[in-house]
Amino acid sequence: GETNPQLWDRYRVAMVLSGAGDALGYRKQLWEYCESGPQIHTELQDLGGLSGVHAALPDWPVSDDTVLHLATAEALATGKEGEPLLQELARRYVEAMADMDGRKPGPTSILGTSQLCPGKPNGFRIPFNPKATGCGAAMRAMCIGLRYPHPSNLSKLIEVSIESGRMTHHHPTGYLGALASALFTAFAVRGLPLESWGSEMLRTLPAALQYIRACGVETEANVGAWSYFQEKWEWYLSERGLSDGQGPARFPAPYSPEERDAIYKSFSLDGWAGRSGHDAPMIAYDALLAAGSSWEELCSRAMFHGGDSDSTGVIAGFCWGLAHGFSGVPEGNHVALEYRDRMMSAANRLYELAWGERPS
Ligand SMILES: *[C@@H]1O[C@H](CO)[C@@H](O)[C@H](O)[C@H]1NC(C)=O
Ligand SMILES: [Mg+2]
């Protein structure tokens with residue numbers, strides 16, 4: 001086929017705006033750990049609003065989310081497949097941990113990468129971990145959908161998202177978040193209506209479970225912990241009136257920053273919104289459903305709330321960028337973003353690998 005300049009461009013925008021979403025939600029640790037959405041909104045006004053934010057070093061670094069997402073993207077960009085790809089991912093996750101000064105990596109990512117032995121047989125596997133429910137797998141998996149966007153690539157997407165996810169988060173609540181992020185990307189590339197993404201993702205879970213069984217790696221522990229992710233998503237979709245994949249989404253009213261803090265908490269496993277594998281993609285999705293083509297509204301909902309706002313921001317920014325490009329995004333939010341060139345290069349290569357053409 002022919003190069004689709006618009007889609008190629010969207011690959012790059014998605015990578016860049018994921019990094020912007022991370023940097024905005026993080027604000028050099030200040031906002032990732034702020035528990036009040038209304039307070040973040042007030043502080044943003046003091047900065048002159050979103051268009052007053054120049055997301056660049058030294059005040060707006062990218063956090064662990066982007067460093068690890070780039071590790072995923074650059075591993076995929078080698079074009080490797082199968083076990084060599086898994087070894088490459090493991091090697092790059094370990095390497096990425098040397099670039100975490102001031103980026104606040106999560107404890108499960110630190111532990112998981114310390115257990116990896118890249119280069120050794122099965123060195124990309126770590127033991128099942130009943131506590132590895134965090135969003136560390138979900139936040140670095142979006143680009144997997146750029147590499148495997150076609151419906152006929154689904155089994156690859158399932159394999160690579162689950163295996164990359166359980167390199168640190170060997171628990172279904174953790175690694176199914178990676179599957180969700182990768183699938184949402186593929187759905188966005190294919191132009192599936194946003195309202196159907198959640199139910200389509202749930203329809204993929206049986207194939208994911210089948211993969212886990214076929215793989216035979218600590219099957220019993222994985223199957224035993226399987227249901228939470230699915231049940232919480234079924235609950236969420238029914239809250240929004242989206243169980244059957246048909247919109248419009250139904251939102252609480254009012255649903256301002258204050259109410260969102262409380263309602264996002266109700267999505268969560270332990271009261272820390274967006275911290276887990278199921279609810280980081282869920283908050284991002286909730287924001288995407290409401291934001292339409294408004295970057296500002298997206299950021300208000302997904303990057304500026306009283307939870308794990310960099311991890312919800314990295315996923316939301318990515319999916320929004322695929323759908324909308326840079327339109328309406330203040331230039332300062334992304335032009336001088338840390339690692340922007342690496343994001344663009346990885347996106348170019350992933351486009352080429354997925355669509356078999358070299359962008360010129
Ligand atoms: C993805 O699907 C496309 C279209 O069917 C196919 O040409 C390509 O080889 C697939 N890629 C992988 C890695 O499975
Ligand atoms: Mg982070």
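Atoms within a ligand are numbered from 1 in the order they appear, just like the ligands themselves.
Nearest to atom 2 (O) of ligand 1 among the protein's heavy atoms is N153 ND2, 2.4 Å. At the top of the distance list for atom 3 (C) of ligand 1, counting protein heavy atoms only, stands H150 CD2, 3.4 Å.
Below 30°, between 30° and 60°, or above 60°: for F184 and F187 the angle between ring planes is between 30° and 60°, a tilted geometry.
Taking backbone and side-chain atoms together, D22 has no N/O/S atom less than 2.8 Å away from the Mg ion (ligand 2).
A heavy-atom distance below 4.5 Å is not found between the side chains of W197 and E200.
Side-chain contact check for Q45 and T42: no donor-acceptor pair (N or O, by modelled atom type) lies under 3.5 Å. With no hydrogens or angles considered, a side-chain donor-acceptor pair links N222 and H170 at under 3.5 Å. For T168 and R140, the side-chain atoms include at least one donor-acceptor pair closer than 3.5 Å. Defined by atom type and a distance below 3.5 Å, a donor-acceptor pair is present between the side-chain atoms of Y11 and W355.
Centred on the Mg ion (ligand 2), the angle running from S63 (OG) to D64 (OD1) is recorded as 90°, rounding to 10°.
Counting just the N/O/S atoms of D310, the one with the shortest distance to the Mg ion (ligand 2) is named OD2. The N, O or S atom of D65 lying closest to the Mg ion (ligand 2) is OD1.
Annotation: cation-pi pair R240/Y285 absent, no NZ/CZ under 6.0 Å from the ring centroid and within 45° of its normal.
Taking a distance limit of 4.0 Å, we find that atom 9 (O) of ligand 1 is approached by no protein heavy atom.
Taking all heavy atoms of S152, P149, G79 into account, the minimum distance to atom 5 (O) of ligand 1 is reached by S152.
Here is the list of ligand 1 atoms found below 4.0 Å of a heavy atom in E81: 13 (C).
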